[in-house]
Amino acid sequence: MIKIAILASGSGSNAENIAQYFSTHKNVKITYILSNKKDAFVLERAKKLKIKSKVFSNKEMKEQVELLNLLKVEADFIILAGFLLKVPENIIEAFPNKIINIHPALLPNYGGKGMYGMHVHRAVKENNEKETGITIHYVNENYDEGAIIFQAKAALTKDDTPETIAEKIHLLEQEHFPRVIDEVINS
Ligand code: GRF
């Protein structure tokens, strides 16, 4: 069995979609959903999905080895699904090319510190972009700069708002993220 741990800070729609996709998979198991936010909705989803979950404060994530030790036992791959904290360096070192993130824009555009969630979609709208998309990439020590694995695009019109852009991105994420993870870990 290939073990996956998901790290998420928010609603967790991607985490749930990934968990559902792999629930019947022959050689992949989601072992844990881990969060740095004790009130994140993703924890409710974990309960419903009967997946173990655990919360680490930002300080615990940064300064302690407990999370690293748990991941060493419970994960072959780590998936970041709306995880807003920088991944601690000791974890990046222990999991080279085994940490995968999804970013709601076409990197290298609209990446970097502060570029998450609606901030991204508002910036895309302000610049009157004709298209946006998703980027699935490996995680290294810099925000949003690891090697790109996959991108998918969505066309935009002048009528799009940050909210409709978010919906388009959400559809792309639901369609592609689990499948791309499956391809990477089984290749
Ligand atoms: C997604 O848009 C993802 O691309 C980004 O954060 C959002 C998380 O949404 N990194 P959810 O928590 O999976 O619903």
Side-chain angles (χ1 to χ4, degrees), residues 4-23 30 32-49 51 53-56 58 61 77-88 91-92 99-126 129 131-156 160-184:
I4 294 183
I6 299 175
L7 268 62
S9 305
S11 161
S13 64
N14 280 286
E16 177 162 359
N17 187 39
I18 294 164
Q20 261 155 4
Y21 176 97
F22 286 109
S23 62
I30 309 299
Y32 259 96
I33 293 180
L34 302 161
S35 186
N36 60 320
K37 295 255 184 255
K38 63 178 186 325
D39 52 359
F41 189 64
V42 71
L43 297 166
E44 300 298 320
R45 297 189 198 256
K47 245 183 252 164
K48 188 184 76 181
L49 292 159
I51 295 175
S53 65
K54 205 166 162 62
V55 177
F56 292 89
N58 291 0
M61 287 207 175
F77 286 85
I78 300 168
I79 305 301
L80 310 185
F83 182 63
L84 298 181
L85 206 66
K86 203 165 174 184
V87 179
I91 294 177
I92 291 177
I99 309 177
I100 298 169
N101 182 41
I102 189 160
H103 186 78
L106 295 171
L107 292 174
N109 298 331
Y110 303 102
K113 205 168 165 74
M115 274 293 161
Y116 61 90
M118 291 306 289
H119 297 285
V120 175
H121 309 316
R122 282 190 207 110
V124 165
K125 174 68 191 171
E126 270 162 30
E129 296 286 358
E131 61 180 18
T132 186
I134 58 168
T135 302
I136 297 170
H137 64 97
Y138 290 111
V139 172
N140 66 17
E141 55 289 343
N142 298 317
Y143 282 101
D144 302 329
E145 286 179 20
I148 290 174
I149 301 166
F150 174 86
Q151 290 187 307
K153 291 178 180 174
L156 299 177
D160 272 305
T161 62
E163 289 71 27
T164 64
I165 295 172
E167 281 166 28
K168 288 181 177 181
I169 291 299
H170 185 71
L171 289 177
L172 289 179
E173 291 177 339
Q174 297 284 309
E175 181 183 351
H176 297 289
F177 199 16
R179 177 184 60 75
V180 171
I181 295 167
D182 196 355
E183 274 171 27
V184 169

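Whatever order the structure lists ligands and atoms in, that order sets their numbers, starting from 1.
Per-residue contacts place S11 under 4.0 angstrom from the following atoms of ligand 1 (heavy atoms of the residue considered): 12 (O), 14 (O). Residue contact check: E173 has heavy atoms under 4.0 Å from atoms 1 (C), 2 (O), 3 (C), 4 (O) of ligand 1. The distance from ligand 1 to the heavy atoms of I102 drops below 4.0 Å at these ligand atoms: 3 (C), 4 (O), 10 (N).
What sits closest to atom 9 (O) of ligand 1 on the protein, heavy atoms only, is N14 ND2, 3.8 Å. Here the protein heavy atom with the shortest distance to atom 12 (O) of ligand 1 is G12 N, 2.7 Å.
Within the 4.0 Å heavy-atom shell around ligand 1 one does not find A8.
R179 and E183 are joined by a salt bridge, as a carboxylate oxygen and a charged side-chain nitrogen come within less than 4.0 angstrom of each other.
Of the candidates S9, S13, G82, it is S13 that places a heavy atom closest to atom 11 (P) of ligand 1.
Under the rule for a side chain to side chain donor-acceptor pair (under 3.5 Å), the partners of N58 that lie at least two apart in sequence or sit in another chain are N36. By the ring pair (Phe, Tyr, Trp, His ring centres under 6.0 Å) test, H170 pairs with no residue at all, sequence neighbours left out.
Remark: side-chain polar atoms of K86 are paired, donor with acceptor, to backbone N or O of E141 under 3.5 angstrom. At distances below 3.5 Å, not a single donor-acceptor pair connects side-chain atoms of T132 with backbone N or O atoms of A105.
S13 and R45 share no donor-acceptor pair across their side chains, judged by distance under 3.5 Å alone.
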